[in-house]
Number of protein chains: 2
Amino acid sequence: MKRTSLGRVECPVARALDEIGDWWSLLIIRDAFDGMRRFSEFQKSLGISKGILTARLKHLVAIDVLQTAPISDEGGYQEYVLTKKGRDLFLVTVSLRQWAEDHCFGKTERRSTLMETASGKRVPRLALQGRDGKELDSSMTFVRKAADLDDSRAPRKAGVLRTAER
Amino acid sequence: MKRTSLGRVECPVARALDEIGDWWSLLIIRDAFDGMRRFSEFQKSLGISKGILTARLKHLVAIDVLQTAPISDEGGYQEYVLTKKGRDLFLVTVSLRQWAEDHCFGKTERRSTLMETASGKRVPRLALQGRDGKELDSSMTFVRKAADLDDSRAPRKAGVLRTAER
DNA sequence: GTAACTGGTTCTAAAATAGGACTAGACAAG
DNA sequence: CTTGTCTAGTCCTATTTTAGAACCAGTTAC
């Protein structure tokens, strides 16, 4: 009973999770953003078992999120660095970080914070701007299935999104 | 050897993944954004086993991402709707979606697309704006550990982030 | 009333994980 | 160049999680 693969599904969210949605990948990527490069650095930071870390790093290299590079000239150890594809996960980590800051910490709990180097201040809120410049939320969008290419103004199939008030 | 918990870690990314970083949660949330509410809708859409779906829904209700509501007046079936905490995951799904659109599809592969209801056009790119209004990338930020509260201009501890060119 | 559907629970087998023991090659000191 | 330590893994076992199917009680449809 192999874990079901989402690699060939048409929903991009599912494909993303198929590649980096496992328990450890995004934490490894977060550490890579934080400057870590060596096997032992990741292992120490995450407290992950070596077997799992080996498998995860191999997978991330295989899907071109990380790349190996010789650590000095020829022959010695190697390190893992983010590729462009890996660096492009930055906004994913930022969105997760901001969500957790809002919802997963008690008022008095300490947390690490993402800072802007230039200003020395906290990074501003991530926001999705619509065509008119105003902020978009989920109720102002819908998903067009790949099959509906000729029907670009189709409303959300299931009707109005119903949500809880709080 | 229980899966290691990240619930009490100080890094918000880790806490977020502790709550919703498992194999199915974000897909359930994606479907909820897409208007799904009933157990059977989720089960059909995801092709997930009922036992797992039951566990995942219970967990999402327990952490207040979803909420149950009676489907008609008293006694009948119930449905699952997003709470505010759940709706606030919108940008997480958008960032994952845009990343996968860029990196996980062949040129000719069909994909579903997130559309803006007002304009009928595709939702614009998500962008993180710095204090000066310019777009921020990972190299222009650093993580301030909770312990360094009094040291807000500390540079990234591990030095310059090294990445692969491509 | 009966048939089908909904929303589960329970079972088994397979896969993934944690944690530790072990090891080949790199590197450092003398 | 010899010894000792470090690095980056591999391999093993016990436990946990997952997939998939069977089963079941209450609800709705006919």
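Labels below follow one simple rule: chain letters A, B, ... track the order of the sequence lines, proteins then strands, and each chain is numbered from 1. Just so it is clear, the model here is predicted, and its values are computed rather than measured.
In this model, the phosphate group of D:dT7 is not approached by any side-chain N or O of A:Arg38 to a distance below 4.0 Å at OP1 or OP2. Phosphate proximity of D:dG9 to A:Tyr80: present, with a side-chain N or O under 4.0 Å from OP1 or OP2.
When each of B:Gly51 and A:Lys58 is assigned the nucleotide of DNA chain D with its nearest heavy atom, A:Lys58 is the one assigned upstream, toward the 5' end. When each of A:Lys50 and A:Asp22 is assigned the nucleotide of DNA chain C with its nearest heavy atom, A:Asp22 is the one assigned upstream, toward the 5' end. Comparing A:Ser40 and A:Thr4 along DNA chain D, the residue whose closest nucleotide (by nearest heavy atom) sits nearer the 5' end is A:Ser40.
Residue A:Lys44 is classed as having no contact, given no heavy-atom separation below 4.0 Å to the nucleic acid. At a threshold of 4.0 angstrom between heavy atoms, the contacts of A:Ser49 include nucleobase atoms, whether or not backbone atoms are also involved. Nucleic acid contact class of B:Gln78 (heavy atoms, under 4.0 Å, all strands): sugar-phosphate only.
Summarising the geometry of A:Glu101 relative to A:Ser112, their closest heavy-atom pair is OE2-O, 3.9 Å, with the distance given to 0.1 Å.
Remark: P of D:dT18 and CZ of B:Arg56 are 5 Å apart, rounded to the nearest angstrom. Per the geometry, CG belonging to B:Leu57 stands 11 Å off P belonging to C:dT9, to the nearest Å. Summarising the geometry, the separation between CG on B:Leu53 and P on C:dT9 is reported as 11 Å, rounded to the nearest angstrom. Atom pair B:Trp24:CH2 and D:dT17:P shows a separation of 17 Å (rounding to whole Å applied). One interatomic measurement links the two molecules: CD1 of B:Ile52 to P of D:dT18, which rounds to 5 Å at whole-angstrom precision. If you take CD of A:Glu79 and P of C:dA26, they are 17 Å apart, rounded to a whole angstrom. One atom, CD of B:Gln43, and another, C1' of C:dC5, lie 13 Å apart when rounded to the nearest Å. In this structure, NE2 of A:His59 is placed 17 Å from P of C:dA15, rounded to the nearest angstrom.
Salt bridge A:Arg15/A:Glu10: absent, no basic N to carboxylate O contact under 4.0 Å. In this structure, B:Lys145 pairs ionically with A:Asp34, as a charged nitrogen and a carboxylate oxygen lie closer than 4.0 Å. Remark: A:Asp22 engages A:Arg56 in a salt bridge, criterion side-chain N to carboxylate O under 4.0 Å.
Within the cation-pi definition used here (under 6.0 Å to the ring centroid, within 45° of the axis), B:Arg37 does not qualify as a partner of B:Tyr80.
On a pure distance criterion of 3.5 Å, a polar donor-acceptor pair joins the side chain of B:Tyr77 and the base of D:dG26.
Nearest to the side-chain atoms of B:Thr54 among the listed nucleotides D:dA8, C:dG7, C:dT9 stands C:dT9.
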